[in-house]
> 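Encoded as structure tokens, here's the structure I'll be asking about.
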Amino acid sequence: MRVKVLSRNPDDYVRETKLDLQRVPRNYDPVLHPFEVPREYTRALNATKLERVFAKPFLSSLDGHRDGVNCMAKHPKSLSTVLSGACDGEVRIWNLTKRQCIRTLQAHEGFVRGMCARFCGTSFFTVGDDKTVKQWKMESPAYGEEEEPIHTILGKTVYTGIDHHWKEAVFATCGQQVDIWDEQRTSPMCSFTWGFDSISSVKFNPIETYLLGSCASDRNIVLYDMRQSTPLKKVILNMRTNTLCWNPMEAFIFTAANEDYNLYTFDMRFLSSPVMVHMDHVSAVLDVDYSPTGKEFVSASFDKSVRIFPVDKGHSREVYHTKRMQHVITVKWTSDSKYILCGSDEMNIRLWKANASEKLGVLAPREKAAMNYNQKLKEKFQHHPQIKRIARHRHLPKSIFCQIKEQRIMREARRRKELNRRKHSKPGSVPVVPEKKKHIVAVVQ
Amino acid sequence: MAEEWLGVEAAGSGGEEEGPEDGDRRHRQLLEAVSALSGRKRRKLAERSEASVQVSEFNVSSKGAGEKLVLSELLQPIRAQSALSSVKKQLSKVKQKKAVELPLSKEERERVVREAAYVKTSKDVGKWQPLVLQNRRAEQLVFPLKQEIAAVAPLERVVSAWKPRTPLEQEIFGLLHKTQQPVTDPLLTPQEKASLQAMSLEEAQRRRAELQKARVLQSYYEAKARREKKIKSKKYHRVLKKSKRRKALKEFELLQKSDPEAALAKLEELEQLRMEERMSLKHQNKGKWARSRAIMAKYDLEARKAMQEQLARNKELMQKVRVELPEEEPGDVPEEDLPPVTIPVSASRANPWMLGKPSDPAKEPEVQEAREDAAVPAAVESKEEEEEEEEVSEEEALLQEFEQKRHARQRRVGSPEQHGTDEMEAVPDPPGDSSVHPICDEEQPSAGMEPPPQAQEEILLSEQLHRVQTMEEVEALASKEPSEEQEKQPAAAGAEERAPRQEKGKAGARPAKKPTAKEKMIRLESVLSEKPQEIQCPSLPVVMEEEEGGIDQRGVISEAFAGDDVVADFHREKSKAEQDGKPQAVNLVLPGWGEWGGSGLKPSAKKIKRFLIKPPPAPPRKDQHLPHVILSEQRNIHAVAHQVSELPFPFEKHQQFEQSIRTPVGPTWNTQRAFQKLTAPRVITRAGHIIQPLSAEDLASAASGAKPVLETAPKQPPRCPQKRAR
């Protein structure tokens with residue numbers, strides 16, 4: 001006779017070493033785990049609260065410039081290196097891991113208007129108010145060597161911006177006209193002019209590398225094709241565009257930072273209306289830079305704040321500010337998409353986390369799983385009022401807060417007025433203009 | 001007409017002398033006449049009259065110049081149509097042709113060029129559209145898109161590039177170079193190679209053959225060992241062990257014959273070992289290791305086994321080398337539990353060295369206790385001993401048989417059965433003593449249930465014995481943890497039933513069970529008296545304890561909530577809820593209005609009846625037929641703060657939204673795999689990795705579709721649950 005005995009195989013529950021996780025047999029019968037929605041809701045609420053608690057985006061400030069930081073450039077090959085140019089013509093190269101300045105050079109007399117690194121990372125270009133374009137070595141000169149540019153190009157007019165081609169030895173400057181230069185020559189390969197106003201910024205498309213976009217002070221954005229040696233199209237907005245930035249993952253999308261406090265994302269194939277109008281700033285937007293993932297971009301504004309916008313959302317998901325930060329002139333999103341750098345009037349460069357509550361450093365697998373789960377929960381319950389309220393809460397300085405309020409009132413008044421006018425006039429005589437169309441004056445062929 | 005023309009010409013030329021004017025006129029007249037003749041009006045030929053031609057300043061008339069006849073004119077083809085038709089044609093052609101426009105202005109020209117360029121470029125850029133859409137819809141994007149493989153520089157390059165600088169490094173480098181330590185192929189140095197080459201061919205072959213043979217032999221041996229290890233038959237192992245023991249004994253005998261002194265020394269050694277063991281308590285469960293094993297034994301089978309082995313060793317070492325008398329032996333140990341040193345009777349007789357002191361009678365109280373029936377089992381056991389003698393030869397045959405069977409690749413299922421039948425045959429062999437038979441019968445199944453390969457397993461066995469019986473016993477065992485008490489209970493019962501058992505004799509299996517229990521008890525006691533310590537290792541599964549707890553749960557709960565009458569409370573609550581739910585009458589009675597007022601005065605009944613407004617009865621409660629439920633139809637204002645008031649944007653129906661909320665994503669409700677899938681982040685970036693923009697290769701690979709750049713899966717549209725038809 002054989003009697004069956006209740007027994008378990010120790011292999012099922014005894015771990016091999018003490019470093020192993022305890023094996024926990026689970027029964028997933030839903031009857032045994034009731035109240036799943038309330039429990040998950042509570043977890044989501046807690047996760048949201050913790051996210052807010054741990055939202056400490058400011059990492060450090062790089063100080064050393066003796067005038068406002070006017071422009072910055074990322075190193076294409078090294079994540080820890082960033083270049084900055086100040087209003088007194090000084091260029092500094094920073095090491096972000098050490099948070100130190102590793103090199104200083106007096107590049108220009110007057111402002112450093114623009115700078116860009118060569119695609120290989122061996123040298124960089126600066127343009128300044130002294131009507132010169134200078135090429136510098138990225139490495140600091142050896143002992144005893146003098147700090148001198150590799151090349152200097154003397155121009156006739158002031159250059160206000162510069163950008164380098166993403167794959168070839170070609171760069172573009174802007175000023176009175178857009179010039180395309182070969183690195184080996186002292187005169188431009190070709191020049192584009194369309195109109196007579198000064199051009200404030202020029203940017204190469206990172207994907208379709210022959211495409212360029214520029215914005216001029218006569219309120220227009222002009223696209224160029226390097227191969228066609230002709231401008232392509234011009235769109236005129238209500239107010240002047242300060243900078244534009246191409247999406248690094250979507251060849252035909254670019255975003256323009258405008259003086260009218262808004263940013264406009266355009267599809268270059270359909271310029272008659274922007275794809276999205278991003279509004280939240282309360283003063284002129286001075287700079288914009290895309291995240292390398294192409295999902296978000298960061299904007300710097302004259303209202304002393306930095307905002308992060310999702311590409312497909314009309315409003316920002318994050319606002320960064322500190323008490324001491326003045327007008328933010330330039331902003332960059334680092335190439336690993338983890339950090340944001342902003343240079344401002346009061347001579348500092350600030351380093352921020354792109355994701356305010358992210359834990360830096362190596363995460364244990366369990367931590368990572370928990371993080372993912374929390375993220376998912378937040379996403380799942382984002383429409384619930386309590387969670388939404390907590391997740392959306394941001395602190396703002398009073399000046400910005402008041403301005404936002406004021407502008408909301410103004411906008412509301414304008415809307416009401418338009419409604420009233422429409423109500424009291426002949427039907428159809430006051431057409432409804434969608435927000436996207438409102439800011440476009442004309443598209444010129 | 002041509003003749004006329006000629007004629008006229010001739011006439012004209014003939015009349016030239018009359019003077020130019022006159023001639024001219026005449027000529028015109030003539031022409032008119034001729035044209036009148038033809039009947040239709042001829043167009044006048046254009047006539048040039050130029051003063052300078054007719055009136056020359058040198059008074060030289062040039063009027064004859066136009067009149068000159070050219071031969072080519074005469075040769076002109078004769079045409080049917082009029083001479084003007086070609087002109088007409090040309091005219092119409094000119095009319096059909098559009099005029100060449102003026103060249104465009106510079107601005108316009110540029111615009112045209114720009115337009116064309118823009119169309120071309122935007123078309124060009126449009127090729128990215130599918131990839132962009134794919135990335136936007138992707139469930140998960142892992143950046144950087146192209147994973148760079150870290151290039152490992154080959155060792156030679158690293159080594160050749162590196163140069164020793166410090167003296168120590170130089171020294172080491174020098175040494176390495178002196179021995180010509182290979183860098184690339186680190187198998188053999190040149191010296192080793194040379195020495196290998198030095199060996200002659202025959203020698204090398206011989207050596208190789210030797211090595212091969214050794215290897216083969218080893219592999220054979222290993223295979224054999226593995227095969228034997230795999231054999232599960234306990235019988236086989238038992239037999240094997242016995243044969244080994246016997247072999248050792250034989251060797252010992254041989255030794256004693258050849259060299260009695262050495263044999264004696266060996267015996268002495270054994271005795272010494274025993275003494276040491278008794279002194280040292282080395283193999284008991286007191287040591288650190290043993291205690292740790294005792295803790296682990298609950299969970300770990302191997303720990304348990306190791307412990308048992310140790311205890312067996314202890315017992316083995318403690319066993320006194322002696323020769324048992326045939327009468328006393330049976331009660332001592334069951335046949336299979338013979339310690340390796342015990343010697344069969346025949347051997348002991350032949351063995352004067354093995355004649356130790358007889359075991360003290362106090363050690364086997366059972367023998368004295370059951371003095372009356374001791375003779376009978378003793379007889380049986382002695383018989384069995386004889387049987388065993390026979391089995392000795394049988395075992396050899398058996399082992400052979402096992403081997404043969406394996407070689408024949410037959411199933412071993414048959415062999416244990418055969419063995420069993422052998423034994424069954426052996427047991428009833430002695431002429432049946434009626435009282436003996438049941439005991440033997442009883443012992444057989446118990447042995448079958450727990451075949452202990454070693455004597456020490458009995459200790460654990462005592463616990464196991466109870467476990468194998470009914471579930472109730474298991475539970476009882478779990479409730480009372482000390483095993484000794486348990487064993488004493490049946491022991492007492494067994495002692496009482498001892499006498500009736502004898503009288504019953506050939507009773508059925510049920511009454512026969514108790515005597516066996518008693519016998520076991522007796523054996524256990526003997527074991528306990530031998531053993532100084534009881535093992536503490538719990539061998540009961542944890543599950544049973546839990547089960548026991550579960551049974552008590554109800555009692556515990558009822559005890560905890562003894563004072564509460566939950567049901568009555570619930571009914572009270574429900575009736576209160578019902579009362580509260582009923583609409584209240586509105587009292588609009590104004591005392592003192594229209595009648596006398598003052599303290600102590602009540603409004604009249606008529607007035608009350610008139611101004612007390614009764615509301616219409618409330619609709620029936622939804623829980624009126626549900627006695628165990630209170631359904632509140634009021635909105636819970638505490639929950640409102642946490643509820644979504646309007647349908648959020650991407651959802652079109654509230655069912656969709658509810659569905660999205662209802663499915664849990666946590667690890668509590670999902671398997672690990674599903675959890676990972678559900679919580680996979682949309683965008684994964686790695687710290688310290690530069691994310692490059694898209695490039696043409698991405699487009700190419702995406703277009704080919706062979707290897708998508710991104711790990712993409714088309715996003716599933718939100719599942720909208722089927723609306724139930726009512």
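Residue numbers begin at 1 in each chain, while the letters A, B, ... track the order of the sequences.
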> Rounded to the nearest 0.5 Å, how far does CD1 of B:I684 lie from OG of A:S337?
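It is 12.0 Å, given to the nearest 0.5 Å.
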
> Hey, what do you get for CG (B:L141) to CZ (B:R682), rounding to the nearest 0.5 Å?
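It is 9.0 Å, given to the nearest 0.5 Å.
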
> Where does B:A116 contact chain A at under 4.5 Å (heavy atoms): side chain, backbone, both or neither?
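For B:A116, neither part sits under 4.5 Å from chain A.
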
> Go through the atoms of A:T293 and report whether side chain, backbone, both or neither lie under 4.5 Å from a heavy atom of chain B.
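Contact with chain B: backbone and side chain both.
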
> Can you name the side-chain hydrogen bond (donor to acceptor under 3.5 Å, both in side chains) partners of B:R686, sequence neighbours left out?
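With neighbours one apart ignored, the set is B:Q147.
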
> Which bit of A:W166 is near chain B, if near means a heavy-atom gap under 4.5 Å: side chain, backbone, both or neither?
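Interface part for A:W166: side chain.
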
> For A:H315, which residues count as a side-chain hydrogen bond (donor to acceptor under 3.5 Å, both in side chains) partner, sequence neighbours excluded?
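Testing A:H315 for side-chain hydrogen bond (donor to acceptor under 3.5 Å, both in side chains), a comparison that skips the adjacent residues, returns A:D280.
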
> Counting only heavy atoms closer than 4.5 Å, note whether B:D124 contacts chain A via side chain, backbone, both or neither.
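Both backbone and side chain.
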
> For B:Q643, is it the side chain, the backbone, both, or neither that has a heavy atom closer than 4.5 Å to a heavy atom of chain A?
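For B:Q643, backbone heavy atoms alone lie under 4.5 Å from chain A.
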
> I'd like to check A:I253 versus A:M268 (side-chain heavy atoms, cut-off strictly below 4.5 Å). Are they in contact?
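No, their side chains stay 4.5 Å or more apart.
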
> Where does B:Q129 contact chain A at under 4.5 Å (heavy atoms): side chain, backbone, both or neither?
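Backbone plus side chain of B:Q129, per the 4.5 Å heavy-atom cut-off to chain A.
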
> Does any backbone or side-chain atom of A:E36 lie under 4.5 Å from a heavy atom of chain B? Answer side chain, backbone, both or neither.
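Interface part for A:E36: both.
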
> With a 4.5 angstrom heavy-atom cut-off, which part of A:R26 approaches chain B: side chain, backbone, both or neither?
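Only the side chain of A:R26 comes within 4.5 Å of chain B.
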
> Which region of B:K120, side chain (C-beta onward) or backbone (N, CA, C, O), has a non-hydrogen atom less than 4.5 Å from a non-hydrogen atom of chain A, or is it both or neither?
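It is the side chain, since no backbone atom gets that close.
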
> Checking heavy atoms, do the side chain of A:K167, its backbone, both or neither come under 4.5 Å from chain B?
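Just the side chain, heavy atoms under 4.5 Å.
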
> For A:Y41, is it the side chain, the backbone, both or neither that has a heavy atom under 4.5 Å from a heavy atom of chain B?
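For A:Y41, side-chain heavy atoms alone lie under 4.5 Å from chain B.
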
> Considering only heavy atoms, which portion of A:P30 lies under 4.5 Å from any heavy atom of chain B: side chain, backbone, both, or neither?
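For A:P30, there is no contact with chain B at all, as no heavy atom is under 4.5 Å.
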
> Is it the side chain or the backbone of A:R227 that comes within 4.5 Å of chain B heavy atoms, both, or neither?
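The side chain, not the backbone.
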
